[in-house]
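Below is one structure, written out as structure tokens, with a few remarks after it.
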Protein chains: 2
Amino acid sequence: MTRKGVTLKDVAAAANVSRATAARALNSYGYVGDQTALRVIEAADALGYRANRVAQALRSGQLPIVGYLPGDIQNPFFARIAHDLEVEFRKQGHNLLIASSEENVEQERELLESLRSLSVRGFILAPTSATDNQHILKLAREGAPIVLIDRVSENVRCDSVLVDNEGGAREAVDYLVANGHRRIALLRDESRIFTAQERLAGYRNSLQAHGIELDETLIGVSRSTVEHAIEATIRLFSRRDRPTALFTVDSLMTQGALLALRSMGLSIPQDVSLVGFDDFDLATFTDPQITVMAQPIAEIGPLAAQMLLDRLAGKKVAPRLTRFPTRLIVRGSVSHPKKR
Amino acid sequence: MTRKGVTLKDVAAAANVSRATAARALNSYGYVGDQTALRVIEAADALGYRANRVAQALRSGQLPIVGYLPGDIQNPFFARIAHDLEVEFRKQGHNLLIASSEENVEQERELLESLRSLSVRGFILAPTSATDNQHILKLAREGAPIVLIDRVSENVRCDSVLVDNEGGAREAVDYLVANGHRRIALLRDESRIFTAQERLAGYRNSLQAHGIELDETLIGVSRSTVEHAIEATIRLFSRRDRPTALFTVDSLMTQGALLALRSMGLSIPQDVSLVGFDDFDLATFTDPQITVMAQPIAEIGPLAAQMLLDRLAGKKVAPRLTRFPTRLIVRGSVSHPKKR
DNA sequence: TTGAAAGCGCTAACAG
DNA sequence: CTGTTAGCGCTTTCAA
């Protein structure tokens, strides 16, 4: 890529002023004569000048780029947030750099290091592990602006945007119990992941509140992809006394479960009732439609962006934590269990 | 963000050498004494040194970042490619900057300018318009490495990775015709978008080959979102002599069509047969499952990345164009039209 | 084999 | 109001 090479120097020369003056005119700061300013701006236009953001960054120590590290950009939840973040940051002249941790702590660590050395201005991060987080702590301690989304990381002092995972999961399971279920399976991701912990807690708390004993064999663990979820669901339901209901902790898993149950010839909700955490487009056109615990996804990205922007602008307040409520959307995937 | 501030200078000082030597040792080039090199590397480790990539970029004129400009990051097709690109580029020490054009030419132009001034090394681009592309032409002429994906842009000399849109669409419509359909509707996006043109051409060619006259009123235009597609589908099917079949040009539209048809009480395939371009996860668990023209999506990202990497490495060959074949996956959404 | 020095493009003290 | 100058952190001649 041949740098186009119209530099400030060229503009200054064309306008017959010094680089300093040209810079002042272009960035409108300090004193510049009206005439001069005009001349400079015209020269810049004529030459097609664009400031070299790398040079500016070297000087200021900051590249107008924000790093976004979701667990998986293919998950519609994170994709939606990516979109919203990009819109917000673009308004402020920042670009969004996306680097997926793929739920791998080591990769997250490296990515963070790499972005650090790039002098990106801040981070929007969905930490892969709630506890294995020395790297995040360090980053925060060094003063890097960080906003955590979807998940928290222990002891990190920074803003975060979450949803009420425990409450949402509890309510979902409550709903299954209210429909007469006692053998309720849970399909979740690894407990390293914060939301998995909270949603598991909600599941436990609901069962406990209803005096249902926890059966560990009813808990399936899977990666958050459709494929992995299919396998895990099959394992969960390939037993004699299979569960009458299933609660899945995210939309990819819900989709996997759907596929798996169908492949096993189990129909919803006659054979198995299903509730999923996180709504998804196609939930309404399966037959039956899927009952879900929806998250206010449209609010997460913009809020996180705003929080980070505040920090970038130097706002100094105690770390803020916003936890959005979730909302049960009752559709048709839950019914009373059949007597057997 | 307080720059951590371990610079090459610090390392050099700690190792008692000059910055030049330290740089040589760290980047292993030129002559450095074994002893010295070791000392430098140890010092760097001890201090936790990481090269400042911005400074390197200022010097080299290139930031190890690649820009990815899809039409919409929320479209699973582009999200999947984003993921694959990121993986490939990470292997080569490059980060991926994602900027969505939102199918807006003006925004695409600005984004490109902005990334240019950032000195990103190259671009993976799904151009919003096949013809309104002065900005892309200019970029290419200036020698910026560009790889076009999914769509081409007229007269731009650069590598591209496409699928056989015309052939795929034609085959899809052929299939509908073979099943006895004559009134086949098309739901597509704006003709500014390259794939829309090609898929429209395929639709036309198939009809023509079968001696079916083109009925413009059977062609619906919509933005590529589920919501817009719902509206457009309703318009298409709210007529007396409604079509017996529908061909949709991407997965988001297919989903919208599904939702719309159901809301109108039309069942698939009894009332309307449906074929969609681009496969999607849930196509197999609707009832009936949806017949689609699948694209080899797993191949697009890696190939595009490789092509760009070749260019970044200075490879000088004529622009390469790869056009992947598509594949009809017959499921259950097509049947013979009812007699009326 | 190593060091000194220049310079990438920009901004901001500081002087005038 | 404008110019001079230094320097951000790095790489790379060139000379020693």
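Residue numbers begin at 1 in each chain, while the letters A, B, ... track the order of the sequences. From a predicted model like this one, the values you see are computed outputs, not experimental measurements.
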Side-chain N,O ([X]) to OP1/OP2 ([N]) below 4.0 Å:
| X | N | answer |
| --- | --- | --- |
| A:Ser18 | D:dT4 | no |
| A:Asn27 | C:dT11 | yes |
| B:Thr36 | C:dT2 | yes |
| B:Gln56 | D:dG9 | no |
| A:Tyr49 | C:dC10 | yes |

Let me know the distance between [atom1] of [X] and [atom2] of [N], rounded to the nearest Å.
| X | N | atom1 | atom2 | value |
| --- | --- | --- | --- | --- |
| A:Leu38 | D:dC1 | CG | P | 15 Å |
| B:Arg19 | D:dT13 | CZ | P | 16 Å |
| B:Leu26 | D:dG9 | CG | C1' | 13 Å |
| B:Leu8 | C:dC8 | CG | P | 19 Å |
| A:Gln35 | D:dC1 | CD | P | 11 Å |
| A:Arg50 | C:dG9 | CZ | P | 16 Å |
| A:Asn52 | D:dC8 | CG | P | 18 Å |
| A:Gln62 | D:dG9 | CD | C1' | 15 Å |

>> So if I take every side-chain heavy atom of B:Arg59 and compare against C:dC10, C:dG3, C:dA6, which nucleotide ends up nearest?
In response: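 Among C:dC10, C:dG3, C:dA6, the one nearest the side chain of B:Arg59 is C:dA6.
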
>> Given D:dT12, C:dT1, D:dC10, identify the nucleotide with an atom nearest to the side chain of B:Tyr31.
In response: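 That would be C:dT1.
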
> Taking for each residue the nucleotide of DNA chain C with the nearest heavy atom, is it B:Gly33 or A:Leu58 whose nucleotide lies nearer the 5' end?
Replying inline: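 So the residue in question is B:Gly33.
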
>> Between the base of C:dG3 and the side chain of B:Arg24, is one N or O donor paired with an acceptor at under 3.5 angstrom?
In response: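 For B:Arg24, whose side chain was compared with the base of C:dG3, there is a donor-acceptor pair (under 3.5 Å).
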
>> How about CG on A:Asp34, more than 12 heavy atoms from neighbouring residues, nucleotides or ligands closer than 6.0 Å, or not?
In response: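 Counting other residues, nucleotides and ligands, CG of A:Asp34 stays at 12 neighbours or fewer.
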
> Does a side chain donor of either B:Thr36 or B:Arg24 reach within less than 3.5 Å of an acceptor in the other side chain?
Replying inline: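 Note: B:Thr36 and B:Arg24 side chains miss the donor-acceptor criterion.
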
>> What I want to find out is whether B:Glu110 reaches A:Arg90 closely enough, with some N-O distance under 4.0 Å, to be called a salt bridge.
In response: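 Looking at A:Arg90 together with B:Glu110, the answer is no, because their closest N to O distance does not fall below 4.0 Å.
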
>> So that I can tick it off, tell me whether A:Arg50 and B:Glu113 are bridged by a salt bridge, with the cut-off set at under 4.0 angstrom between side-chain N and carboxylate O.
In response: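 Result for this pair is yes, salt bridge flagged.
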
> A:Asp310 versus A:Asp159: any side-chain heavy-atom pair under 4.5 Å?
Replying inline: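 They are not in contact (no side-chain heavy atoms under 4.5 Å apart), so the answer is no.
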
>> So A:Val17, base contact, sugar-phosphate only, or nothing? Heavy-atom distance under 4.0 Å.
In response: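 Sugar-phosphate, backbone atoms only, no base.
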
